[in-house]
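Worksheet: the structure to be examined is printed underneath.
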2 protein chains.
Amino acid sequence: MKQRPTIKDVAQAAGVSLGTASRALNRAGRVSEEAIAAVTKAARRLGYEPDAVAQSMRTRSTGVIGLLVSDFANPLYARIITSVEASMQAAGYTLLIANTHNDRKREKSLIDTFRGRRVDGLILGPCEIESAEFLERVDADLPVVAMDRDFSAAGTGVHVDHYHGALQATRYLLNLGHTEIALMTPGSILRPGRDRIAGFEDAFRERGLTPNPKLIRAEKSAMDYAFSEALGLLSAPQAPTAFMCLGTRILSGVLQALKHSGRSIPEDASVVSIGDTDLSQLFTPAITSLTWDFEAVGTALAQLLLKRLDRDHKPEPERIVLTTQMVLRESCASARLSKAKVLDAGRQKQAQKTDQKG
Amino acid sequence: MKQRPTIKDVAQAAGVSLGTASRALNRAGRVSEEAIAAVTKAARRLGYEPDAVAQSMRTRSTGVIGLLVSDFANPLYARIITSVEASMQAAGYTLLIANTHNDRKREKSLIDTFRGRRVDGLILGPCEIESAEFLERVDADLPVVAMDRDFSAAGTGVHVDHYHGALQATRYLLNLGHTEIALMTPGSILRPGRDRIAGFEDAFRERGLTPNPKLIRAEKSAMDYAFSEALGLLSAPQAPTAFMCLGTRILSGVLQALKHSGRSIPEDASVVSIGDTDLSQLFTPAITSLTWDFEAVGTALAQLLLKRLDRDHKPEPERIVLTTQMVLRESCASARLSKAKVLDAGRQKQAQKTDQKG
DNA sequence: CTGTTAGCGCTTTCAT
DNA sequence: ATGAAAGCGCTAACAG
């Protein structure tokens, strides 16, 4: 197995010194056109490919960005990550992706691993027991951009306004006459979960109501769990007439529970999906969704990090808050009219159009 | 900003030499217990974290594995990648993931990038215009494991037996009396697509039939495209009575086209999903699927690569072929009985059980 | 068992 | 404009 050529080989082949070869290859400093030509030619002839590890050793910069998220296969994250990757690739960076599985220890160990690999920056998604202080400590060392996470005054990141989103979605269901609304979002300790619960509760409070605390459920994000939770709620005396469910897995469980208990949507129960996915778009009836722009989250994260990546630029903390949108479809109806015709037909017409863009 | 401590600082703090500190930290060679204790303590006190870049520089090994796939957000890949990542993490490796978008040039450039970053190994998914020769050339330099790709006698990789899967699924539909079956799988130039088409055609040939070539469609994997393709087929004189569709996006498009044209499943058209996803499981009616074990693909890839990672071990080519399974659900019925009761009710009972495991 | 030393491949001064 | 040389942080070979 032949060794890969080094810059030394290139210099030798081009008949110049090592330093000149380096300058020629990087077009840095003073180099003659002849030298550039000779070196470039030699490099191409030998199939020279710079050793990024050795470059990093000197420059202290790897061109790698670490991204940590609970589960990158989660459709709610997958599209964001794709968008981050595209932006980063365009800027010449490579993405190192890992799953924390929402485990604080795992996150910490992965951050250390990434730090050891001398990544140039870090993008962190929500994780168990977050502390702004922790983030700040990491950031002192290494540019960090947080996504949907708490951060102190010094923190930089992107937030989706889950609070107002939940507020809006809950109002929508309250307007339809629902009061027994189940909120199924995992991670009440995570920033997005907490915000949703707050918005949900405030929507009730606005009208002098108090949400039934038993209807705020689903700590875990698993289909089986959501299925049995929903089934339990549906068999209770005050069964919910509406569900707000996060993502694909919980929505799946709830839809199955509804099907299993012989209830039809929207006649017997209204459903709002939090985070629009293939499932909510394609299900029959199509599921009304509270959603946000995944691609925009990704580009915002990338943009923020890129800005903090040049060492000299003072790292002023910066935040981007993205708003949510309701996509009205066919899964919600008035609570009063069981088995009756869908009331918000007018709105749904409008929703069809919005749908096209999603 | 204070500098990160180096091993030199640790050695100094522990009162030993640089070499001893290194040996103590790595428990390599002869070191006294005292030295280990002192160095470990000093390292912890200083918060020493080895510089993986410098380590790689010496050892020529980065502990990083590159993974290239057309789109990691594709549900069909996402679970496989998660599984690969878990296995690799357990073995102490980190995954570098990138999208090729099925572009040969992009793949080549990414392989070079990865090679420059001196990844220890590569996992490659299907990509445009594959050549076994190309793979072999890469492999000469760097351990490569291919997934669902062509490879020469020297190649190592994991294959899903898409040929026999498609054969089985097509037979199933032919047995139900369908002859106008549309096969919608992208990438006829990619290994999985080619194999499916071959299996599909052979199932027809077995019974002396010839498949309608116009019904083999969908080069692109996009929902809009699948939607209009399916709509076109449905409005033709010889409209298909059954569809076999790959993945989420194409299935989505076909389901929408069916809905749009007022056809119901399975009375007016039977549907088989290739690759089981949330959508096929949750759709009403639940979609009969031809699928395979995504997690097993991931662990097989990881296992194969891990075995080829130790330099001394002779890299004997090795392949793992995984079989597909049919998961019978509610989306297929006899072609003869339009608007009639579902014929394969017996099989569906059985399918319910199989379904639990999915 | 431990200290010293030579590089890994590259960039970047510092002379010339 | 170019060559020589230092050194990034670490491991491994070599003396002791």
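Since the structure is predicted, the reported quantities are computational estimates derived from the model, not experimental observations. What's counted below: heavy atoms across the whole structure, side chains too, no hydrogens, waters or symmetry copies.
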Spacing of A:M57 atom CE relative to D:dG9 atom C1', expressed in whole Å: 4 Å

Residues in contact with DNA chain D, drawn from residues 23-50 of chain A - heavy-atom cutoff 4.0 Å: A:R23, A:R30, A:V31, A:S32, A:A35

Any B:S22 side-chain N or O less than 4.0 Å from OP1/OP2 of D:dC10: no

Gap between atoms NZ and C1', on A:K8 and C:dT11 respectively (whole Å): 16 Å

Any B:Q55 side-chain N or O less than 4.0 Å from OP1/OP2 of D:dG9: no

Non-hydrogen side-chain atoms of A:R319 and A:H159 separated by less than 4.5 Å: no

B:F114 and B:L68, any side-chain heavy atoms less than 4.5 Å apart: yes

Candidates C:dC10, D:dC10, C:dC8 - which lies nearest the side chain of B:L18: D:dC10

Sugar-phosphate, base or nothing in reach of A:T6, heavy atoms under 4.0 Å: sugar-phosphate

Sidechain N-carboxylate O distance under 4.0 Å for A:D148, A:R191: no

Check: A:I65 and A:V119 side chains under 4.5 Å, non-hydrogen atoms: no

Value in whole Å for how far the P atom of D:dG3 lies from CD1 of A:I7: 13 Å

Any A:M88 side-chain heavy atom under 4.5 Å of A:L306 side chain: yes

Given DNA chain D, 5'-ward residue of the pair B:T20 and A:V16, judged by closest heavy atom: A:V16

A:E34 atom CD, neighbour heavy-atom count above 12 within 6.0 Å: no

Polar pair under 3.5 Å, donor/acceptor by atom type, side chain B:R58, base D:dG9: no

B:Y77 vs B:I97 side-chain heavy atoms within contact, under 4.5 Å: no

Whole-Å distance separating the CG atom of A:D51 from the C1' atom of C:dG7: 14 Å

Integer-rounded Å distance: D:dG9 P and B:Q12 CD: 14 Å

